[in-house]
Amino acid sequence: MSTPTYPPRSDWNNQNRWGNNRVGRPTHLPTPEPEEPQQALPEQRFHPGFGLRGPRRDRHVLPVEALDELSVPVGDDGVVIGVDPQNRPAVLSLIRPAALDVVLVGSMWMAQLLALRTVAVGARVAVETARPPGWAQMAQAAGGGQQCVSLHEVRQIAAQGASVSSPVLVVRDCGAQPPRNQLAPSPWQSVLTLLPFLGPRAPRMLARAQLVGLQRLSPQEAEVVTRIMRLPHDVAAALPTLSDNAMLWCTRDHHQFVLTQPTEAETGLLGMPRRMD
């Protein structure tokens, strides 16, 4: 094997005869094997709102013949006003697509509780009252900072613009002889008139009402209500004995005793149930 010869060192600065004037791999080193091109991984597509796939389940197939047997149990909608004698929730639909006139013979405490729970189901409450200080704290606390309860002086209440998307409950707290109502019941706007006791005009108001709520009454008042609402005698006999949180809700065709159970938050705001304010 002959000895390799090299160009003079002086020529290295002028011309590199070993290459093409660029830095590269020395020619005396073994030539590396060409690398195989890596296969590109399949592109992963991500769908917004979807993560990893969960466990797979077999589909539930229902024959066409069994569709008539398929049903979804749905209870009454409205305001939960307490429990019935069977300890089941008693629900009262105070907001309806038809006009509703309600008379409540009882305390401001009961009217405020109904107003609070009506706000809780998404309705507004407008209160026409002769005693605004008694409603101020409740109106401020209702709605969590939003103005869901508005207070108005007697005969100073304006139209509320009730609609299916913004229903309204009008509460009239104007004493035992309230003046003529300026806001009549209409679709999605119910009117609840609070009477502390039965006055001279009460029989006419009870006869016109579609729904009547009664707290404890005197025997004389119970006789008047029994005659107008056509209540059974055993029901009428129980009216003077009701506790402060018990009520009778009735129409001329139906009646139901209800035990009102305020929550801890409602008790902290309104106090304990009472018949008189």
Side-chain angles (χ1 to χ4, degrees), residues 78-84 90 92 94 100-120 125-142 149 151-154 169-179 181 190-203 205-206 209 211-226 228-229 231 235-236 238-250 255-277:
V79 179
V80 178
I81 57 175
V83 294
D84 61 13
L92 182 62
L94 286 175
L100 179 63
D101 190 0
V102 185
V103 172
L104 171 61
V105 184
S107 63
M108 182 171 62
W109 184 93
M110 188 63 69
Q112 291 184 348
L113 182 70
L114 293 175
L116 275 176
R117 296 188 177 184
T118 303
V119 169
V125 175
V127 183
E128 180 185 7
T129 177
R131 39 183 179 176
W135 286 85
Q137 183 178 2
M138 174 266 174
Q140 185 177 4
V149 179
L151 304 182
H152 309 268
E153 296 286 346
V154 178
L169 173 65
V170 178
V171 179
R172 306 195 67 215
D173 177 28
C174 306
Q177 300 187 47
N181 188 9
S190 303
V191 176
L192 186 149
T193 302
L194 173 63
L195 300 177
F197 54 87
L198 297 184
R201 300 175 56 185
M205 298 177 64
L206 292 174
L211 179 65
V212 175
L214 304 169
Q215 284 189 273
R216 185 173 58 249
L217 302 177
S218 66
Q220 294 77 16
E221 291 174 324
E223 292 179 2
V224 175
V225 173
T226 300
I228 298 174
M229 304 303 298
L231 296 176
V235 174
L239 290 176
T241 65
L242 296 179
S243 60
D244 288 345
N245 63 332
M247 289 195 65
L248 174 69
W249 289 95
C250 60
H255 61 273
Q256 179 67 67
F257 283 103
V258 174
L259 190 65
T260 304
Q261 296 177 330
T263 64
E264 183 177 351
E266 292 168 342
T267 302
L269 178 63
L270 304 177
M272 297 300 294
R274 52 188 179 271
R275 169 60 181 89
M276 299 299 296
D277 299 297

Heavy-atom pair with the smallest gap, counting every atom of [X] and [Y]:
X: L195; Y: G175; result: CD2-O, 3.7 Å
X: W135; Y: Q112; result: CZ3-CG, 3.4 Å
X: D173; Y: R131; result: OD2-NE, 2.8 Å
X: R172; Y: P178; result: NH1-CB, 4.1 Å
X: D277; Y: W109; result: OD1-N, 3.5 Å
X: P262; Y: R117; result: CA-NH2, 3.7 Å

Nearest 0.5 Å please: distance from the [atom1] atom of [X] over to the [atom2] atom of [Y].
X: R201; Y: L206; atom1: CZ; atom2: CG; result: 12.5 Å
X: I81; Y: L113; atom1: CD1; atom2: CG; result: 10.0 Å
X: S107; Y: R274; atom1: OG; atom2: CZ; result: 6.5 Å
X: L231; Y: L248; atom1: CG; atom2: CG; result: 6.0 Å
X: M138; Y: L116; atom1: CE; atom2: CG; result: 4.0 Å
X: D244; Y: M110; atom1: CG; atom2: CE; result: 8.5 Å

Practice task
Give the intermediate values and the outcome of side-chain contact (heavy atoms from CB on, under 4.5 Å) for residues L100 and V191.
Solution key: CA-CA 6 Å; L100 179 63; V191 176; over 6 Å; no
Problem - Residues, nucleotides or ligands: over 12 heavy atoms within 6.0 Å of Q261 CD - result: yes
Can you confirm whether [X] sits close enough to [Y] that some side-chain heavy atom of one is under 4.5 Å from a side-chain heavy atom of the other?
X: V258; Y: V83; value: no
X: M272; Y: T267; value: yes
X: C174; Y: E128; value: yes
X: P203; Y: V224; value: yes
X: T263; Y: E266; value: yes

Exercise for the section: Might you work through the side-chain contact (heavy atoms from CB on, under 4.5 Å) test for L239 and L242, ending with a clear yes or no? Expected result: CA-CA 6 Å; L239 290 176; L242 296 179; 4.0 Å; yes
Exercise for the section: Without swapping roles, check the side chain of E221 against the backbone of L198 for a donor-acceptor pair under 3.5 Å. Expected result: yes
Problem - Reference residue V149; test side chain to side chain contact (heavy atoms under 4.5 Å, CB included); the match among V125, T118, L169, V171 - result: V125
Practice task
Could you please spell out the steps behind the side-chain contact (heavy atoms from CB on, under 4.5 Å) verdict for W249 and L92?
Solution key: CA-CA 9 Å; W249 289 95; L92 182 62; 3.8 Å; yes
Problem - side-chain contact (heavy atoms from CB on, under 4.5 Å) evaluation trace for L192 with V170 - result: CA-CA 6 Å; L192 186 149; V170 178; over 6 Å; no
